[in-house]
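Each remark here refers to the structure printed beneath this line.
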Number of protein chains: 2
Amino acid sequence: MEPDLRRLILDTTRHLLVEDGYASLSMRKIARAIGYSATSIYLHFENKDALFHALIDEGMDRLHQALKAVEKVHPDDPIARLHALCRRYVAFGLENPEYYEVMFMLHPQHMERYPAEKYRRARRNLDLFAAAVAAGGARGVLAVEDARVATSVVWSALHGAVTLLLARRVDVRIDEAAFIEAAIRHSLRGFVPLPEPVIS
Amino acid sequence: MEPDLRRLILDTTRHLLVEDGYASLSMRKIARAIGYSATSIYLHFENKDALFHALIDEGMDRLHQALKAVEKVHPDDPIARLHALCRRYVAFGLENPEYYEVMFMLHPQHMERYPAEKYRRARRNLDLFAAAVAAGGARGVLAVEDARVATSVVWSALHGAVTLLLARRVDVRIDEAAFIEAAIRHSLRGFVPLPEPVIS
DNA sequence: CGGCTAGCTTAACAGTGTTAACTCGAAGCA
DNA sequence: TGCTTCGAGTTAACACTGTTAAGCTAGCCG
């Protein structure tokens, strides 16, 4: 009956994810929400994991679009570009907690491994950071030893901030915006070229 | 019959958590492992959440002991102390993924909120970091604006590294130890005093 | 009309957290 | 000793979960 039940399932799932969270989401609940029986979902997705993988795909695409948009704003200033990418990444995580959770926080234990073939899609997002880091390194404005490692380190810092905020583990007396800005600045300051190693 | 069934439940739960992971852990499975009926667990713990809260308590204590041990090694060098605390924190997370998960990665959605009264216990661990950060700030060897924020920022970076590693999201071509060391150094370098703001 | 198929359904299996009601033995006490 | 109380542990049940097997049915093709 429905022309694109798959599309309807995905939208409803995302919607329920926002409303009730990942923990309480069930196939039967999704089915109830769309007015079909639970088994209909299995006609469009192999299982619950496959459904979440599809959501990861969409989330990665959305993030990529968001990051690409800010990337173009600073084509010639790697530091400003990196700063903007960081802000956008954290903002995306906080604006789309349901996406962020399925994209980056579900463990291999919780979910069948995200197919390796699809990892490339996920890596595109990291590549935008890597390009800015490498450009800054090449231009000498950022102290970068290994661009690949440095990129992961920055990502790691952003990921830590997002996840702590989403899990509400950050001291409530700290202003959220101030914390985010401090985390990003702190991470970028880790790239400041030093005359000699101060930290041994 | 059993002199301390509560103790047995906790140990078995931790054991199962290590072996099979959080996702596949059930009250009935725990009960089967200890040779009691599932409902016996409810005589010692209000519900599954309470059982996990007890595990959080133990994890926080273990972490505190680990951090206190390294804290005493560098009583007069805030930077070295902070560095050692960071290493130990990450090591703890990777050595005790099951504890780390229930301690810092379960969402309020997944679990009844960890009681506010017990948060103090959790905060003790952060306080060890805060003391080192504040000491470094007072001594002028670390550039610290707001010690509370700075402490959370460092913690956030460590948390990001631990969670990405546990979720196996870090590029497999990057050596784990190198990544950890880079993340910690990067975070500490964010405290290097600067003559003027390079990052606007 | 008969047969096929796509799309959806119901029924079922084995599992989950949790509650209510029960058993049963030990302890306390008259 | 006999009776009661109590507490630790039990079974049975409820309302869920993801998933599979089998069945139904409307529409299309020959």
Side-chain angles (χ1 to χ4, degrees), chain A residues 1-56 98 101-102 105-115, chain B residues 1-56 98 101-102 105-115:
Chain A
M1 178 67 75
E2 196 62 40
D4 198 353
L5 186 52
R6 183 191 157 89
R7 184 71 260 146
L8 182 61
I9 293 170
L10 280 172
D11 291 341
T12 305
T13 304
R14 198 180 59 244
H15 195 237
L16 289 175
L17 219 42
V18 182
E19 293 224 326
D20 306 345
Y22 169 75
S24 79
L25 203 139
S26 78
M27 301 297 259
R28 284 175 167 90
K29 196 168 175 180
I30 298 169
R32 230 176 292 135
I34 61 175
Y36 284 73
S37 79
T39 50
S40 304
I41 302 174
Y42 290 87
L43 302 172
H44 297 269
F45 299 93
E46 196 184 343
N47 51 29
K48 201 182 181 187
D49 285 343
L51 173 54
F52 279 107
H53 286 170
L55 277 178
I56 292 180
E98 72 289 355
E101 196 171 347
V102 294
M105 296 170 74
L106 292 189
H107 302 35
Q109 291 173 336
H110 288 150
M111 185 171 64
E112 194 179 315
R113 203 176 195 85
Y114 191 57
Chain B
M1 178 65 76
E2 196 63 38
D4 198 352
L5 185 52
R6 184 190 156 89
R7 185 71 260 147
L8 182 61
I9 292 170
L10 280 172
D11 291 341
T12 306
T13 304
R14 199 180 58 245
H15 194 237
L16 289 175
L17 219 43
V18 182
E19 293 225 325
D20 306 345
Y22 169 74
S24 79
L25 204 140
S26 79
M27 301 298 259
R28 285 175 166 90
K29 195 169 176 179
I30 298 168
R32 231 176 292 135
I34 61 175
Y36 284 74
S37 80
T39 50
S40 304
I41 301 174
Y42 289 87
L43 302 172
H44 298 269
F45 299 93
E46 198 184 344
N47 51 30
K48 202 183 182 187
D49 285 344
L51 173 53
F52 280 106
H53 287 169
L55 278 178
I56 292 180
E98 72 288 357
E101 196 171 348
V102 295
M105 295 170 74
L106 292 189
H107 301 36
Q109 291 174 335
H110 288 149
M111 185 171 64
E112 196 178 312
R113 203 178 195 85
Y114 190 58

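Naming convention: chains lettered A, B, ... in sequence-line order (proteins, then strands); numbering from 1 in each chain.
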Minimum heavy-atom distance between B:A54 and B:F45, given as atom pair plus value: CB-CE2, 3.8 Å

Integer-rounded Å distance: D:dG9 P and B:R6 CZ: 14 Å

Base of C:dT10 paired with side chain of A:T39 (donor-acceptor, under 3.5 Å): yes

Rounded distance [0.5 Å steps], OG1 in A:T12 versus CZ in A:R7: 9.5 Å

Nucleotide C:dT16, atom P - distance to OH of B:Y22 in whole Å: 14 Å

Contact under 4.0 Å: B:S37 side-chain N or O vs D:dT10 OP1/OP2: yes

Minimum heavy-atom distance between B:I41 and B:A31, given as atom pair plus value: CD1-N, 3.9 Å

hbond_proxy B:R28 side chain to C:dG15 base (donor-acceptor, 3.5 Å cutoff): no

Nearest-Å distance for atom pair CD1/C1', residues B:I41 and C:dT18: 12 Å

Check: A:E101 and A:L17 side chains under 4.5 Å, non-hydrogen atoms: no

Gap between atoms CG and P, on B:L25 and C:dG15 respectively (whole Å): 15 Å

Closest non-hydrogen atom pair, A:A33 against A:L16: CB-CD1, 4.1 Å

Distance in angstrom units between A:I30 CD1 and C:dC8 P, rounded: 16 Å

B:L43 CG - C:dC22 P separation (whole Å): 17 Å

Heavy-atom pair of closest approach, residues A:Y42 and A:A38: CD1-O, 3.7 Å

Side-chain N or O of B:R32 closer than 4.0 Å to phosphate OP1/OP2 of C:dT16: yes

Net bend of the helix from C:dC1-D:dG30 to C:dA30-D:dT1, end axes of five pairs each, nearest 10 degrees: 30°

Minimum heavy-atom distance A:F52-A:L25, with the two atoms named: CZ-CD2, 4.4 Å

Any A:H44 side-chain nitrogen or oxygen under 4.0 Å from OP1 or OP2 of C:dG7: no

Nucleotide D:dG9, atom C1' - distance to OH of B:Y36 in whole Å: 9 Å

Nearest-angstrom distance from the residue atom NZ of B:K48 to P of C:dT18: 8 Å

B:S26 side chain near C:dT16 phosphate (N/O to OP1/OP2, under 4.0 Å): yes

